[in-house]
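Below is one structure, written out as structure tokens, with a few remarks after it.
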Protein chains: 2
Amino acid sequence: MPAKPPQPPRPTDAELEILTVLWARGPATVRDVHETICRRKPAQYTTVLKMLQIMAEKGLVRRDEKQRAHIYQASRPREWTQRQLAGDLLQRAFNGSAKSLIVGALAARKASKEELAELHQLLEEYEKGTP
Amino acid sequence: MPAKPPQPPRPTDAELEILTVLWARGPATVRDVHETICRRKPAQYTTVLKMLQIMAEKGLVRRDEKQRAHIYQASRPREWTQRQLAGDLLQRAFNGSAKSLIVGALAARKASKEELAELHQLLEEYEKGTP
DNA sequence: TTCTTCGTAGTAAAGTCTTCGTAGATCATG
DNA sequence: CATGATCTACGAAGACTTTACTACGAAGAA
């Protein structure tokens with residue numbers, strides 16, 4: 001068995017779904033995660049358990065075994081993983097052009113007026129910070 | 001064999017690499033694609049061939065068999081697929097928040113001053129178009 | 001024509017991803 | 001204690017992904 005990688009690999013689809021739950025709920029047991037997942041789609045308890053075990057091996061989650069029901073939590077904060085995923089897609093599909101990615105994102109889901117305003121402000125801060 | 005899906009599925013990593021070549025080169029033979037791929041990493045000719053065959057089945061590329069060396073081309077324009085990918089990631093990892101995705105993208109790869117200015121302008125057009 | 005080169009197709013091996021069933025340990029309760 | 005509930009670990013099936021070898025036909029050269 002290889003040691004846990006310091007840089008956990010890109011999460012797969014199912015893994016990302018579980019990470020989403022952990023980010024929203026904070027540290028949680030298998031049962032907690034399972035119940036949350038089940039509200040959106042049918043899934044067996046042991047399936048979630050197995051995923052969490054695999055994710056622990058990969059280093060995507062950390063697990064506290066002090067209790068009988070182990071407590072899992074994402075090993076990286078949401079923002080960190082989101083940055084990885086955005087950067088990965090940027091590299092693989094957008095040839096590194098952040099502009100293209102943003103165009104794609106805005107085209108995929110029309111942003112509201114408020115969201116656009118937020119983005120506008122965000123950009124201005126970036127422009128100030130990058131002289 | 002199922003018919004070609006009208007909505008081709010999300011391309012995998014290797015598929016996306018090939019699509020990138022086709023987008024850049026336009027319609028191309030297996031040999032063309034193979035040579036381009038080979039400049040960046042070792043790969044067998046028949047591996048590229050097989051990928052293109054699979055991608056044709058999935059509907060990711062179209063193939064013209066009139067010549068002996070078949071001609072392949074992406075079945076969807078780059079922008080369309082990029083929009084799909086951005087939307088998919090937006091949904092799966094960013095809870096639909098375009099802002100978060102953009103923050104992630106900008107954090108992943110610092111944009112140049114020029115790029116930021118372009119984005120700024122782009123946003124203003126969006127804001128005009130979304131009253 | 002014969003031999004070599006170039007092309008596609010088919011097969012399959014190895015790896016990963018996802019799902020779930022079963023077994024065994026632990027805990028709570030009558 | 002006995003029984004049922006709860007939890008983890010293990011194993012494995014099935015699908016998908018990636019890679020590459022082999023076979024065989026078509027085109028071109030000697």
Side-chain angles (χ1 to χ4, degrees), chain A residues 1-2 4-5 7-22 27-38 40-73 85 88 92-93, chain B residues 1-2 4-5 7-22 27-38 40-73 85 88 92-93:
Chain A
M1 181 195 337
K4 298 176 191 175
Q7 287 276 110
R10 166 157 59 108
T12 65
D13 286 6
E15 287 165 354
L16 189 52
E17 210 171 332
I18 287 182
L19 284 178
T20 297
V21 174
L22 291 177
T29 64
V30 177
R31 183 147 306 275
D32 295 331
V33 175
H34 176 242
E35 279 173 2
T36 305
I37 295 274
C38 270
R40 280 174 298 183
K41 70 171 201 183
Q44 292 292 359
Y45 177 87
T46 55
T47 300
V48 175
L49 168 65
K50 183 66 168 180
M51 285 306 301
L52 281 165
Q53 286 172 344
I54 291 174
M55 292 168 75
E57 274 184 19
K58 292 187 182 179
L60 287 166
V61 300
R62 259 196 299 272
R63 134 170 109 173
D64 176 2
E65 312 184 358
K66 283 199 287 289
Q67 312 292 329
R68 182 160 92 102
H70 300 171
I71 306 284
Y72 291 87
Q73 63 180 315
L85 289 169
D88 177 72
R92 289 206 335 277
Chain B
M1 180 196 334
K4 298 175 190 173
Q7 286 276 111
R10 166 156 59 107
T12 64
D13 286 6
E15 287 165 352
L16 189 51
E17 210 171 333
I18 287 181
L19 283 179
T20 298
V21 174
L22 291 178
T29 65
V30 176
R31 183 147 306 276
D32 295 330
V33 175
H34 176 242
E35 279 174 2
T36 304
I37 296 274
C38 270
R40 279 174 299 183
K41 71 171 200 183
Q44 292 292 356
Y45 176 88
T46 56
T47 300
V48 176
L49 168 65
K50 186 61 172 178
M51 286 305 302
L52 282 165
Q53 286 172 344
I54 292 173
M55 293 168 74
E57 275 183 18
K58 292 186 181 179
L60 286 167
V61 299
R62 259 196 300 272
R63 126 170 117 173
D64 175 1
E65 310 184 359
K66 283 198 288 289
Q67 311 293 329
R68 183 161 93 102
H70 299 172
I71 307 285
Y72 292 86
Q73 63 179 315
L85 289 169
D88 178 73
R92 291 205 335 276

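A note on names: the letters A, B, ... follow the listed sequences, proteins ahead of strands, and every chain is numbered from 1. Hydrogens, waters and symmetry mates play no part in the numbers below; they use all other heavy atoms, side chains included.
- Among residues two or more places apart in sequence or in another chain, the side chain to side chain donor-acceptor pair (under 3.5 Å) test is passed with R68(B) by none.
- Looking at the side chain of Y45(B), the nearest of the listed nucleotides dA9(C), dT8(C), dC7(D) is dT8(C).
- Here the C1' atom of nucleotide dT17(D) and the CG atom of L52(B) are 15 Å apart, to the nearest Å.
- For H70(A), the ring-ring contact (aromatic ring centres under 6.0 Å, His included) criterion is met by no residue, not counting sequence neighbours.
- Scanning residues 27-35 of chain B for heavy-atom distances under 4.0 Å to DNA chain C yields V30(B), R31(B).
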query: When every nucleotide of nucleotides 25-30 of chain C is labelled 5' to 3' by its protein contacts under 4.0 Å (heavy atoms), B for base, S for sugar-phosphate only, - for none, what sequence of letters results?
result: BBS---
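- Remark: P of dG7(C) and CD of Q67(B) are 12 Å apart, rounded to the nearest angstrom.
- Every residue two or more places apart in sequence or in another chain that forms a side-chain contact (heavy atoms from CB on, under 4.5 Å) with E35(B) is listed here: R31(B).
- Looking at every heavy atom in both residues, L60(A) comes nearest to L19(A) through O-CD2, 4.0 Å.
- Residues satisfying the side-chain contact (heavy atoms from CB on, under 4.5 Å) test with L85(A), not counting sequence neighbours, are R10(A), P11(A), L16(A), T81(A), L89(B), A93(B).
- Heavy atoms only, all atoms of each residue included: T20(A) and R92(B) are closest at OG1-O, 3.9 Å.
- Distance L49(A) CG to dG21(C) P: 14 Å, rounded to the nearest Å.
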N/O-N/O pairs, protein side and nucleotides 13-20 of chain C side, under 3.5 Å:
from: dC17(C); atom 1: OP2; to: K58(A); atom 2: NZ; distance (Å): 3.3
from: dT18(C); atom 1: OP1; to: A14(A); atom 2: N; distance (Å): 3.4
from: dT18(C); atom 1: OP2; to: T12(A); atom 2: OG1; distance (Å): 2.4
from: dC20(C); atom 1: OP2; to: Q44(A); atom 2: N; distance (Å): 3.4
from: dC20(C); atom 1: OP2; to: T47(A); atom 2: OG1; distance (Å): 3.1

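- In this view, T36(A) satisfies the side chain to side chain donor-acceptor pair (under 3.5 Å) rule with no residue, not counting sequence neighbours.
- Rounded to an integer number of Å, the gap from H70(B) NE2 to dG7(C) P is 11 Å.
- The 12-atom threshold is exceeded at CD of E65(A), counting heavy atoms of other residues, nucleotides or ligands nearer than 6.0 Å.
- To the nearest angstrom, C1' of dT19(D) lies 15 Å from CE of M55(B).
- Using a 4.0 Å cut-off, some side-chain N or O of Q53(B) falls inside it from OP1 or OP2 of dA9(C).
- For E15(A), the side chain to side chain donor-acceptor pair (under 3.5 Å) partners are T12(A), K58(A), not counting sequence neighbours.
- Look at CG on D64(A): it is 15 Å from P on dC7(D), rounded to the nearest Å.
- Among residues two or more places apart in sequence or in another chain, the side-chain contact (heavy atoms from CB on, under 4.5 Å) test is passed with K41(A) by E17(A), I37(A).
- The side chain to side chain donor-acceptor pair (under 3.5 Å) check on T46(B) picks up nothing, with sequence neighbours excluded.
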